[in-house]
Amino acid sequence: MEQYVIKGGNPLVGEVSIAGAKNAALGILAAAVMTDEEVVIENVPNVRDTRVLLQAIQGIGARVKYIDEHTVRICGGTINPHADNCVDGEYVRRIRASYYLLGALLGKYRRSTVALPGGCNIGSRPIDLHIKGFRALGADVDIHSSMIHAEAQQLVGSHIYMDVVSVGATINVMMAAVLAQGKTTIENAAKEPHIVDVANFLNSMGANIKGAGTDVIRIRGVEKLKGTEYSIIPDQIEAGTFMAAAAATKGDITIRNVIPKHLEAISSKLKEIGAIVIEYDDAVRVVSNQRLRSTNIKTLPYPGFPTDMQPQMAVVLALCEGTSIITESIFENRFKYVDELFCMGGKIKVEGNTAIIDGIEKFTGGNVVAPDLRAGAALVIAGLAADGFTVVEDIKYIQRGYEAFDEKLRALGGKIATVETDKEIQKFKLKVG
Ligand code: UD1
């Protein structure tokens, strides 16, 4: 099993370029099969989740061809509309976004069957709102043998109120509604940048979606969608992770290929604790040359502070002067990394959905296990900021969402390697001293 071995203590310095947004890519790749024509998608991040979803898309008969590492051509015209087109498999069950094929195939064929979603274990992750939305459009939805099946004689536009702000439900229902008859309104919709990106992509295929990025999305159904070429937005969370890495290691990183507006919640927290954040048109530079100060953070739907940045910022705050409080208001089980940080000297106490963080001067290297994708990235940052050596196990979670993470960190001066055996760990230790 692959692990990262890290020698900490080096400030990360230099430039890094950010990949396409994983969470936008997952919606867009699924939506690409909604036309029989060819779709070319650029800036697709080369991460495990997108590769698994592309395999699933191929598995139901679509043609998928990589033009280069980040550009994919997809043709949904080869899917047999009369076959079962059941989306299942060992890997599909592990990624959450396979459920986007429910909305996409339901919209196109009026029928879809997808394995119940997996994804990171960060608390109960219900899909009741997705189902409520499909039912409101006229679909029958049932779950049996760990499969969700949705079917409709016809899909008819509707007024749907989301009881909770949900990224997944907003995208899924939006996709199905694009090919429903008449008008659909989604109220209390999520406003994340990737919602806008998926909507822009669908509109470039001929859909009629207005209001994405606000909490009311209005969709006028169209008969069919056409081929398009589209480039995915940069990954806000990958960018934020490098921003946190600069702050935690007292580094100086220029993060290129970003949309600074999408990073505002992260930038303003970093400024508040004393880091220097300079915004350019499509880059952001984070400099940290002093001990940073504590603050409080509450995760909220966009434009609030993203829950996907909560563990990485906890690592930054763990090294700040004073006591910080993080309130996690989106997922209930997102503090599992705290036990791992404890092994590295972290002083964090969890009470319900709150983490109380007493700042320490330095982490000390240790052997830790990545509990999920973002927490895994946070542990890597802690390792890079720590005295001594850290081994992070279960990096398969990190590889789900970060492209060439170790490579990018090495280019910034980070001492990190991917290894599989103790012998390789020893070799790394000898090499870096
Ligand atoms: C997406 C992101 C994930 C991010 C999360 C919140 C993808 C592939 N994943 O996950 O990285 O952490 O948004 O920004 O884009 N909920 C319900 N019923 C539902 C659906 C959701 O109650 O049917 C609740 C969830 O339990 C959670 C909240 O809504 O408390 C937000 O979840 P949601 O936005 O749906 O997260 P995901 O789409 O799963």
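Bear in mind that the values here come from a model prediction, so they are computed numbers and not experimental data. Basis for what follows: all heavy atoms, side chains included, without hydrogens, waters or symmetry-related copies. Counting starts at 1 for both ligands and their atoms, in listed order.
Contacts between Arg334 and ligand 1 below 4.0 angstrom, taking non-hydrogen atoms only, involve the side chain exclusively. At a heavy-atom distance under 4.0 Å, only side-chain atoms of Val164, from C-beta outward, approach ligand 1. Contact annotation for Leu129 and ligand 1: heavy atoms of both the backbone and the side chain come within less than 4.0 Å of the ligand. Residue Ala169 does not touch ligand 1, judged by heavy-atom distances below 4.0 Å. Proximity of Val167 to ligand 1, defined as any heavy-atom pair under 4.0 Å, is shared by backbone and side chain alike. At a heavy-atom distance under 4.0 Å, no atom of Asp163 approaches ligand 1. Only the side chain of Arg96 comes within 4.0 Å of ligand 1, judged by heavy-atom distances. In Phe331, the part holding a heavy atom less than 4.0 Å from any atom of ligand 1 is the side chain.
The closest donor-acceptor contact from the side chain of Asn203 to the backbone of Ile209 lies under 3.5 Å. Side chain of Lys132 to backbone of Tyr161: a donor-acceptor contact under 3.5 angstrom is found. Without hydrogens or angle criteria, Thr249 side chain to Ala385 main chain gives no donor-acceptor distance under 3.5 Å. Between the Thr214 side chain and the Val216 main chain, a donor and an acceptor come within less than 3.5 Å of each other. For Thr71 (side chain) and Asp68 (main-chain N/O), no donor-acceptor pair under 3.5 Å exists by modelled atom type.
Heavy-atom contacts of Tyr99 reach the following atoms of ligand 1: 37 (P), 38 (O), 39 (O) (cutoff under 4.0 Å). Counting the atoms of ligand 1 from 1 in the order shown, those under 4.0 Å from a heavy atom of Asn23 are 2 (C), 3 (C), 7 (C), 8 (C), 9 (N), 11 (O), 15 (O). Of all the atoms in ligand 1, the ones that sit under 4.0 Å from a non-hydrogen atom of His130 are 23 (O). Set against the non-hydrogen atoms of Thr307, the atoms of ligand 1 under 4.0 Å away are 6 (C), 12 (O), 14 (O). Atoms of ligand 1 lying under 4.0 Å from any heavy atom of Ile127, numbered from 1 in the order shown and given with element: 19 (C), 23 (O). Ligand 1 places these atoms under 4.0 Å from at least one heavy atom of Asp308: 3 (C), 4 (C), 11 (O), 12 (O). Heavy-atom contacts of Gly168 reach the following atoms of ligand 1: 35 (O), 38 (O) (cutoff under 4.0 Å).
There is no side-chain donor-acceptor pair under 3.5 Å between Thr418 and Tyr4. In this model, a donor atom of one side chain and an acceptor atom of the other lie less than 3.5 Å apart for Arg374 and Tyr402. A donor-acceptor contact under 3.5 angstrom links the side chains of Asp197 and Tyr230, judged on distance only.
For Leu26, no nitrogen or oxygen atom sits less than 3.5 Å from a nitrogen or oxygen atom of ligand 1, counting backbone and side chain alike. The N/O atoms of Ser166, backbone and side chain alike, include one that comes under 3.5 Å of an N/O atom in ligand 1.
Considering Leu29, Ile41, Asn23, Thr50 as possible partners of Ile232, the one that fulfils the side-chain contact (heavy atoms from CB on, under 4.5 Å) test is Ile41. Among the candidates Glu15, Glu403, Glu238, the single residue satisfying the salt bridge (charged side-chain N to carboxylate O under 4.0 Å, His left out) test with Lys408 is Glu238.
For Val165, the heavy-atom gap to ligand 1 drops under 4.0 angstrom.
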Please determine whether side-chain hydrogen bond (donor to acceptor under 3.5 Å, both in side chains) holds for the pair His159 and Glu187, giving the CA-CA distance in whole Å, both sets of side-chain angles, and the decisive distance to 0.1 Å.
CA-CA 8 Å; His159 189 109; Glu187 267 198 74; 2.6 Å; yes

